[in-house]
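Right, one structure below, let's go through it.
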Amino acid sequence: MPDLFTSTDFGSEPPSPVDRSPRRLSWGKLVQRLADFSTSANSNSIESGSNNGSSCDLSDSGSDISSDDLFYDPMEEAILKDVVDLIAQSLRDSKETECALRCSKLLIPDKLLEHIGQELLHLAASEPCGLRGALIDLCVEQEGVCESMGQLSVDPYLVPTFQLTLVLRIESSGLWPKLQGLFSSKSPSTHVVRQAIKLSTGFRVIKKKLYSSEDLLIEEC
């Protein structure tokens, strides 16, 4: 997939989508997950209603319910897992191409994937279709230049409502850069083939609403 990876300078706007169809989640898998949650929710609702025959007023019950519990959406959590897995797989596929991540082995910290998942849920919470309305651009920043790693569409049957650009970074602190430099080798191409590349746990995310003229939201994570 050489044409999937193009080098662009990073400015105030997110990188433009690459000239090919974005990678998509398996819709059949998502539909099955949603059906399972729907069945489970209906069963729990019927059982709860038969216990007392009346509804409870949470304000009088004295229950300590956190905001995370109130806004927890199992449907979004199920979709999120597939999205994060697809992001990780897309990055691993990139190491086989002529790009900044070209290497023999790409190390993706679990903490990075965890933070990406949390940020996706946070930014999708205010959207009318939630995470299903996301169009996600993957980029790697190196020496001030952003290189596109591809684009993901969460729901192929839904017109995207917002675009997220994830700007990842290659680990450049500590002993890691020195160690990987010892095992780097030249290839006939313009890129250096490194034995292993480790991504940093820090990243930047840029949100752009596709149905309004609101300013870009940029967060450092």
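The shown structure was predicted, so the numbers you read here are calculated from the model rather than taken from an experiment.
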Begin with the C-alpha distance, continue with both residues' side-chain angles, and end with the deciding distance and a verdict on side chain to side chain contact (heavy atoms under 4.5 Å, CB included) for His122 and Glu219. CA-CA 11 Å; His122 166 63; Glu219 293 188 359; 3.7 Å; yes
Determine the minimum heavy-atom distance between [X] and [Y], stating which atoms define it.
{"X": "Glu119", "Y": "Phe203", "value": "CB-CZ, 4.3 Å"}
{"X": "Leu131", "Y": "Leu80", "value": "CD2-CA, 3.7 Å"}
{"X": "Lys198", "Y": "Pro109", "value": "CE-CG, 4.3 Å"}
{"X": "Cys146", "Y": "Cys139", "value": "SG-CB, 4.3 Å"}

Min side-chain heavy-atom separation [X]-[Y] under 4.5 Å:
{"X": "Glu141", "Y": "Leu168", "result": "no"}
{"X": "Glu171", "Y": "Ser200", "result": "yes"}
{"X": "Leu121", "Y": "Glu76", "result": "yes"}
{"X": "Cys99", "Y": "Met149", "result": "yes"}

Would you say Gln89 and Asp85 are linked by a side-chain donor-acceptor pair, where the criterion is simply a distance under 3.5 Å? no
Could you measure the distance from the [atom1] atom of [X] to the [atom2] atom of [Y]? Nearest 0.5 Å is fine.
{"X": "Arg132", "Y": "Thr161", "atom1": "CZ", "atom2": "OG1", "answer": "10.0 Å"}
{"X": "Asp155", "Y": "Cys129", "atom1": "CG", "atom2": "SG", "answer": "8.5 Å"}
{"X": "Leu101", "Y": "Ile108", "atom1": "CG", "atom2": "CD1", "answer": "8.5 Å"}
{"X": "Leu138", "Y": "Leu86", "atom1": "CG", "atom2": "CG", "answer": "8.5 Å"}
{"X": "Leu210", "Y": "Glu127", "atom1": "CG", "atom2": "CD", "answer": "8.5 Å"}
{"X": "Gln163", "Y": "Ser153", "atom1": "CD", "atom2": "OG", "answer": "11.0 Å"}

For the pair Ile170 and Val140, evaluate side chain to side chain contact (heavy atoms under 4.5 Å, CB included) and give the outcome as yes or no after the intermediate values. CA-CA 7 Å; Ile170 295 175; Val140 170; 4.0 Å; yes
Side chain to side chain contact (heavy atoms under 4.5 Å, CB included) between Gln151 and Leu135: does it pass, once the steps are laid out? CA-CA 7 Å; Gln151 188 180 79; Leu135 187 65; 3.8 Å; yes
Less than 6.0 angstrom from the centroid, inside 45 degrees of the normal: does Lys207 satisfy that with respect to the ring of Phe162? yes
Does Ser94 reach the main-chain N or O of Ser90 with its side chain, forming a donor-acceptor pair under 3.5 Å? yes
Is the side chain of Ser212 donor-acceptor paired with the backbone N or O of Lys209 at a distance under 3.5 Å, no angle test? no
Flag the pair Arg169 and Glu220 as a salt bridge only when some basic side-chain nitrogen lies within less than 4.0 angstrom of an acidic carboxylate oxygen. yes
Set of side-chain contact (heavy atoms from CB on, under 4.5 Å) partners for Glu114, sequence neighbours left out: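 With neighbours one apart ignored, the set is Gln118.
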Is the number of heavy atoms from other residues, nucleotides or ligands within 6.0 Å of CD (Glu143) greater than 12? no
For Val205, the option from Leu217, Leu123, Ile136, Val167 that meets side chain to side chain contact (heavy atoms under 4.5 Å, CB included):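 Filter result, single survivor: Leu123.
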With Leu166, the side chain to side chain contact (heavy atoms under 4.5 Å, CB included) member among Asp137, Leu152, Ile87: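 Single side chain to side chain contact (heavy atoms under 4.5 Å, CB included) partner of Leu166 among Asp137, Leu152, Ile87: Ile87.
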Decide yes or no on side chain to side chain contact (heavy atoms under 4.5 Å, CB included) for Asp82 and Val154, but give the supporting numbers first. CA-CA 9 Å; Asp82 289 335; Val154 175; over 6 Å; no
